[in-house]
Colleague: 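One structure coming up, written as structure tokens, with questions to follow.
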Amino acid sequence: MTVNQILDVKGNEVHSILSTITVYQALRIMGERNIGAVLVIEDNILKGILSERDYARKIVLKNKTSRETFVHEIMDTDIITVKPDDDINYCMDLITNKRVRHLPVVSETKVIGIVSIGDVVKSIIELQENTIHHLDSYIHGTKAE
Ligand SMILES: NC(=O)c1ccc[n+]([C@@H]2O[C@H](COP(=O)([O-])OP(=O)(O)OC[C@H]3O[C@@H](n4cnc5c(N)ncnc54)[C@H](O)[C@@H]3O)[C@@H](O)[C@H]2O)c1
């Protein structure tokens with residue numbers, strides 16, 4: 001299964017912000033959208049990513065305030081992205097080894113979607129369930145539907 005196939009199911013919507021807003025404003029957007037990260041996109045270019053983890057570690061633990069800190073001050077600019085035709089297992093490897101929970105999907109230079117740890121885990125479980133179902137049918141001699 002590819003990243004494109006995950007996007008086919010979950011859609012291409014991307015919630016993005018500008019780096020000039022405050023962290024508080026960004027957190028409000030995350031809260032309203034019920035998401036754990038927002039992409040910073042300016043002039044159609046992916047500039048950074050801001051996550052709940054950034055807030056916890058770079059604001060709360062540093063005794064800063066979200067209303068007085070701008071997104072560009074704490075956003076992560078070392079962004080790990082995937083391509084539409086990348087495999088889902090490659091995404092899981094990145095999530096595990098690079099310790100990220102959100103992977104922006106970039107085609108050429110344009111962001112065309114985002115996949116999260118939840119999206120990847122859900123797809124992998126579905127794939128494994130399908131495999132188990134087919135093996136079960138094979139072993140018991142019944143035809144898989
Ligand atoms: N049942 C499902 O289909 C499903 C899919 C994903 C997550 N979840 C659950 O939601 C909870 C949190 O999920 P998470 O840790 O994967 O992260 P999350 O809360 O950030 O993501 C939730 C959903 O929002 C999407 N999303 C996140 N940021 C986005 C952005 N900036 N623009 C557009 N879409 C964005 C993700 O791709 C994912 O589909 C977990 O409990 C997880 O199991 C369920």
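Counting starts at 1 for both ligands and their atoms, following the listed order.
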Colleague: May I ask you to identify, for His102, whether its side chain, its backbone, both or neither come under 4.0 Å of ligand 1 on a heavy-atom basis?
Modeller: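 Side chain only.
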Colleague: Compare Ile117, Ile114, Val120 and give the one whose heavy atom is closest to atom 15 (O) of ligand 1.
Modeller: Ile117
Colleague: Is atom 11 (C) of ligand 1 in close reach of the protein, with a heavy atom under 4.0 Å away?
Modeller: no
Colleague: Checking side-chain polar atoms at under 3.5 Å, does Asp136 have a donor or acceptor matched by the opposite partner on His140?
Modeller: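 Distance-only check passes for Asp136 and His140.
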Colleague: Give yes if a backbone or side-chain nitrogen or oxygen of Gly36 is under 3.5 Å from a nitrogen or oxygen of ligand 1, and no if not.
Modeller: yes
Colleague: What part of Glu13, side chain, backbone, both or neither, has a heavy atom within less than 4.0 angstrom of ligand 1?
Modeller: backbone
Colleague: Are the side chains of Arg101 and Ser116 in touch, meaning some heavy atoms are under 4.5 Å apart?
Modeller: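 Side-chain contact under 4.5 Å: no.
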Colleague: Starting from atom 37 (O) of ligand 1, what is the nearest protein heavy atom, named by residue and atom, and what distance separates them?
Modeller: Asp119 OD2, 2.5 Å
Colleague: Does the protein place any heavy atom closer than 4.0 Å to atom 3 (O) of ligand 1?
Modeller: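 Given the 4.0 Å cut-off, atom 3 (O) of ligand 1 counts as touching protein heavy atoms.
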Colleague: For a quick test of reading the model, state the closest non-hydrogen atom pair linking Val105 to Pro84 and the distance between them.
Modeller: CG1-N, 3.9 Å
Colleague: Relative to ligand 1, is His15 under 4.0 angstrom through side chain, backbone, both or neither, heavy atoms considered?
Modeller: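 It is both backbone and side chain that touch ligand 1.
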Colleague: Nearest 0.5 Å, please: how far is CD1 in Ile35 from CD1 in Ile114?
Modeller: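 Output value for this atom pair is 7.0 Å.
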Colleague: If we count only N and O atoms by modelled type, under 3.5 Å, do the side chains of Ser19 and Glu42 hold a donor and an acceptor together?
Modeller: yes
Colleague: Just to confirm, does any protein heavy atom lie below 4.0 Å from atom 7 (C) of ligand 1?
Modeller: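 Within 4.0 Å of atom 7 (C) of ligand 1, protein heavy atoms are found.
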Colleague: Would you please say whether a donor-acceptor pair under 3.5 Å links the side chains of Gln128 and Thr131?
Modeller: no
Colleague: Identify the residue among Val3, Asn4, Val115 that makes a side-chain contact (heavy atoms from CB on, under 4.5 Å) with Asp86.
Modeller: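 Looking at Val3, Asn4, Val115, the match for Asp86 under the side-chain contact (heavy atoms from CB on, under 4.5 Å) is Val3.
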Colleague: Any protein heavy atom under 4.0 Å from atom 40 (C) of ligand 1?
Modeller: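 It does not; no protein heavy atom is within 4.0 Å.
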Colleague: Can you find a protein heavy atom closer to atom 32 (N) of ligand 1 than 4.0 Å?
Modeller: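 It does: a protein heavy atom is found less than 4.0 Å away from atom 32 (N) of ligand 1.
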Colleague: With a 4.0 Å cut-off, would you call Glu126 and Lys122 a salt bridge?
Modeller: yes
Colleague: Is there a protein heavy atom at a distance of less than 4.0 Å from atom 29 (C) of ligand 1?
Modeller: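 Yes, there is a protein heavy atom closer to it than 4.0 Å.
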Colleague: Mind checking whether Ala37 contacts ligand 1 via backbone (N, CA, C, O), side chain (CB onward), both or neither, at a 4.0 Å heavy-atom cut-off?
Modeller: backbone
Colleague: Under 3.5 Å, side chain of Asn97 to main-chain N/O of Asp93, donor-acceptor pair present?
Modeller: yes
